[in-house]
Protein chains: 2
Amino acid sequence: MPQDGQLPLQVRDLLDRADDRQLYELLLSLRPADVAQLLVELPKDGDRLRVFALLSPDAAARVVEELPLELQGAMLRMLPPEQARTVLARMSTDDLADLVAGLKPAESRHLLELVPEEAAEVRRLMQYPPDTAGGLMTPEFIRLTEDQTAACAIETIRRFAPDAETVYYLYVTDGSGRLKGVVSLRKLVVADPGAAVGQLMDRHVVSVPVTMDQEDVARVLRRYNLLAVPVIDERQTLLGVVTVDDVLDVINEETTEDIHRLGGSEPLEQPYLRSRVFTVVRARVSWLLLLFVLQSVTITIMRHYQSTLESVLMLSFFVPLLIGTAGNAGSQASTLVIRSMAVGELTFGDFFRVVSREAVVGTALGGVMAAATWLRARLLGSPPTVGYTVTVTVMLIVVTASVVGGSLPMIIKRLRLDPAVASSPLITTLLDATGLFIYFTVAGWILGIDR
Amino acid sequence: MPQDGQLPLQVRDLLDRADDRQLYELLLSLRPADVAQLLVELPKDGDRLRVFALLSPDAAARVVEELPLELQGAMLRMLPPEQARTVLARMSTDDLADLVAGLKPAESRHLLELVPEEAAEVRRLMQYPPDTAGGLMTPEFIRLTEDQTAACAIETIRRFAPDAETVYYLYVTDGSGRLKGVVSLRKLVVADPGAAVGQLMDRHVVSVPVTMDQEDVARVLRRYNLLAVPVIDERQTLLGVVTVDDVLDVINEETTEDIHRLGGSEPLEQPYLRSRVFTVVRARVSWLLLLFVLQSVTITIMRHYQSTLESVLMLSFFVPLLIGTAGNAGSQASTLVIRSMAVGELTFGDFFRVVSREAVVGTALGGVMAAATWLRARLLGSPPTVGYTVTVTVMLIVVTASVVGGSLPMIIKRLRLDPAVASSPLITTLLDATGLFIYFTVAGWILGIDR
């Protein structure tokens with residue numbers, strides 16, 4: 001792997017010296033992902049084109065596949081039509097479909113006209129929602145039949161290998177294209193050349209429906225340690241194959257999305273430092289404003305208890321600590337539950353188990369925190385009644401926070417929204433108002449204040 | 001894939017009816033991961049043993065590899081020594097090393113005595129820290145030499161395939177075991193049988209040092225779309241291979257750890273619902289207490305400004321809203337930066353770019369929030385001076401929160417701690433005190449209150 005940051009300097013130096021020979025040698029030693037990153041980091045379009053011109057059509061196609069989508073389009077627009085055509089023709093169909101899907105209609109039509117042979121297949125793939133098995137699969141795979149021999153199967157691979165995305169699992173179909181089994185290249189190579197594929201194949205093949213959500217597809221590959229999984233329709237017809245390298249990208253994307261949501265923003269699609277400032281502001285401001293509106297209720301609550309605060313001003317000193325503790329406890333519970341749901345360990349069916357578990361955990365945590373609060377109030381030298389008030393409040397607040405934090409993500413999921421929107425900021429905000437209400441109610445009881 | 005929850009019921013029914021024949025048929029149709037989950041869900045050890053007894057030694061080994069570590073140990077302890085021996089002998093060496101590493105010394109010695117041939121290899125693997133390339137690699141791979149022909153290489157694979165973890169990438173070494181290149185099984189199969197491996201192989205092979213952190217190893221596989229990556233020492237000697245299925249597990253584990261930290265708990269090692277209540281409480285109470293202590297400063301600050309609050313009680317109404325907004329803005333910034341660091345997009349070298357970016361983003365966000373706050377104060381009918389105070393405070397607070405939230409995770413990483421400990425709860429807590437300080441300082445200026 002090249003050293004971070006070294007490579008663009010080296011390449012720009014070679015470009016300045018117009019040393020195409022050495023640049024060519026350097027490019028040969030790089031992997032497509034490294035050349036793609038280099039193109040991202042080069043500042044001038046002219047330099048990008050000069051680097052690109054030195055790549056073979058195959059290498060150029062691999063590099064384009066590794067570029068961020070918006071740069072793929074920009075790069076192809078810069079190329080002369082003939083060169084764009086050779087690159088497009090060599091790109092894998094699923095990457096081509098992703099690229100075309102991201103372009104304006106006129107542009108995508110123009111691109112597809114350059115590669116009429118691939119266009120039909122690309123249009124077919126574009127029917128499937130991008131975040132499903134159908135949107136993720138490649139139609140470029142090798143299919144075998146049960147009556148082929150191992151030797152004949154290997155001959156098939158020899159012929160179609162350059163076009164196939166994966167040759168390590170070979171899927172076996174019947175006359176009408178239905179999935180019947182799978183045989184690994186390992187098994188074919190090790191087998192007696194005369195053995196029939198039907199004998200060698202595993203009939204208990206794990207497959208996924210074309211409509212399956214991409215996160216669930218990822219989970220299937222991980223659970224069964226697969227390098228690829230076949231995609232079928234409701235009649236068991238084999239439509240395509242999802243490979244593990246695409247799944248690694250999906251997991252990465254989905255995790256980033258979840259984590260951005262958990263922090264209380266809309267997800268950024270580009271890396272943080274490469275996103276425009278306006279994009280970052282937009283992703284954050286909507287949530288900040290929404291939370292601000294929700295949190296405004298706290299002003300109303302505080303004002304409602306104005307006379308309580310006037311008679312015992314000391315109560316106000318504890319407000320940040322109490323609602324902060326509520327937010328922390330709630331944020332812990334919601335995050336644990338959100339992650340458990342994301343990896344498929346928890347479903348809505350576990351709702352009451354989660355609620356009762358959080359009630360128990362919250363009671364234990366509340367007990368510990370109540371003790372700490374009582375000590376803190378003593379240290380401050382507050383009157384015993386104020387001490388009792390904050391101690392009881394913390395106990396109630398931590399239990400409430402744990403139960404709300406644990407159940408809210410499940411309710412949100414039930415409403416078919418992303419449970420990760422039950423972010424720490426949202427939970428904290430909701431619990432601020434709840435916490436204040438509990439606090440002043442308890443204060444009313446213990447201090448006997450008539451409002 | 002079996003329906004969730006259906007399978008254990010079906011199996012328990014078959015166990016109750018002692019229908020071993022049908023149970024055997026059912027087990028044959030399941031994948032190792034499914035049988036492992038079944039064993040986890042069966043309540044009685046006796047049932048587990050009966051299911052286990054129906055598995056072939058190879059199937060049993062695959063199932064044990066898929067069990068959670070603590071159940072692997074328990075299962076092997078239950079088996080008669082002879083059966084335990086056959087299972088252990090068939091387990092892959094890296095899984096065996098993980099199992100043994102988790103046992104008490106006496107137990108691990110006992111297990112290794114059952115499989116003397118594997119013991120040396122297992123002990124060698126156990127030298128490497130578990131979260132590095134060395135801890136993740138398998139020593140069971142096939143090595144080729146440059147002068148072999150493709151046909152001879154395939155013959156080698158035929159011979160060693162059953163023991164090798166991966167046969168899809170074959171690594172080529174010289175006489176002293178140094179890594180020279182890689183050739184894919186696909187290429188070998190497609191090649192002229194007489195072609196030399198030295199001609200077919202790719203010399204620009206991506207490899208990772210044995211000491212590399214497992215998260216970085218995962219990143220290398222993802223970046224280059226690899227199914228496996230060779231692990232080398234500082235003299236380029238090939239030591240083992242990390243396969244993509246292990247990397248998927250690593251990513252899953254590391255993400256769970258990050259997300260648990262981001263929510264303000266210590267990571268749980270077991271799934272949330274399977275963890276003991278005590279374990280969940282312990283993971284959460286330490287952070288709750290620490291945050292409580294940090295947040296106690298807010299009491300001191302509030303009391304310090306007691307006279308300000310006494311003269312303008314209305315200022316207290318805005319406290320939850322102001323510090324809440326600070327926490328939200330800070331939590332957004334820290335989460336975006338933590339994720340960027342986790343996927344390797346950001347390093348400490350970007351510190352000043354992040355700070356200046358957050359200053360700009362924070363100013364824009366602060367402007368919007370200030371406008372919202374001014375409106376809210378107007379709606380409440382508060383005096384203009386209070387309106388000015390809260391408006392200016394929000395502006396300053398949001399900028400501060402963004403900059404602190406963006407920079408703290410980088411500083412924490414620099415201190416060689418996990419940046420994910422800069423969780424939303426921690427950031428929120430730190431910003432509560434900061435926010436109050438800003439608020440009362442601004443109030444002092446604008447309202448001209450002498451304390």
[X] versus chain A, the contacting section by heavy-atom distance below 4.5 Å:
| X | value |
| --- | --- |
| B:L185 | both |
| B:S275 | both |
| B:N225 | both |
| B:T256 | both |
| B:L346 | side chain |
| B:V354 | both |
| B:L288 | both |
| B:L380 | both |
| B:T255 | both |
| B:V319 | side chain |
| B:T243 | neither |
| B:V343 | side chain |

Can you say whether [X] sits under 4.5 Å from chain B via the side chain, the backbone, both, or neither, judging by heavy atoms?
| X | answer |
| --- | --- |
| A:I338 | neither |
| A:A36 | neither |
| A:V205 | backbone |
| A:S340 | side chain |
| A:S334 | neither |
| A:I299 | both |

Check: Would you say the side chains of B:Q332 and A:W287 form a donor-acceptor pair under 3.5 Å?
Finding: no

Item checked: Side chains of A:S423 and A:R261, donor plus acceptor under 3.5 Å -> no

Between chain B and each of [options], count heavy-atom pairs under 4.5 Å; write down the option with the most.
| options | result |
| --- | --- |
| A:R376, A:R158, A:E345, A:R357 | A:R357 |
| A:H204, A:R159, A:R274 | A:H204 |
| A:L336, A:V167, A:I154 | A:L336 |
| A:G327, A:P320, A:A433 | A:P320 |
| A:K187, A:R353, A:E155 | A:R353 |
| A:R339, A:R31, A:M302 | A:R339 |

Checklist line | Minimum heavy-atom distance B:Q295-A:G324, with the two atoms named | finding: NE2-CA, 3.5 Å

Notebook entry, point to check: Does the pair A:D245/B:R222 count as a salt bridge with the N-to-O cut at 4.0 Å?
Noted result: no

Checking the side chain of [X] only, and the main-chain atoms of [Y] only, is there a donor and an acceptor separated by less than 3.5 Å?
| X | Y | result |
| --- | --- | --- |
| B:D350 | B:T347 | yes |
| A:H260 | A:S265 | no |
| A:R219 | A:A342 | yes |
| A:S424 | B:G263 | no |

Notebook entry, point to check: Roughly how far, to the nearest 0.5 Å, is the CD atom of A:E65 from the CZ atom of A:R62?
Noted result: 4.5 Å

Item checked: CD-CG distance between A:E358 and A:L365, expressed to the nearest 0.5 angstrom -> 8.0 Å

Item checked: Close side-chain approach of B:Y224 and A:D34, heavy atoms under 4.5 Å -> yes

Notebook entry, point to check: Tell me, do A:Y168 and B:S184 make a side-chain contact under 4.5 Å, heavy atoms counted?
Noted result: yes

Tell me, out of [options], who's got the most heavy-atom pairs with chain A below 4.5 Å.
| options | result |
| --- | --- |
| B:I259, B:V297, B:T298, B:L227 | B:I259 |
| B:V398, B:L289, B:V277, B:N252 | B:N252 |
| B:A364, B:S402, B:A218, B:A333 | B:A333 |
| B:V189, B:T325, B:D432 | B:V189 |
| B:V280, B:L248, B:L273 | B:L273 |
| B:L291, B:L188, B:L226 | B:L291 |

Notebook entry, point to check: Could you go step by step and tell me if A:Y305 and A:L436 meet the side-chain contact (heavy atoms from CB on, under 4.5 Å) rule?
Noted result: CA-CA 10 Å; A:Y305 290 101; A:L436 285 177; over 6 Å; no

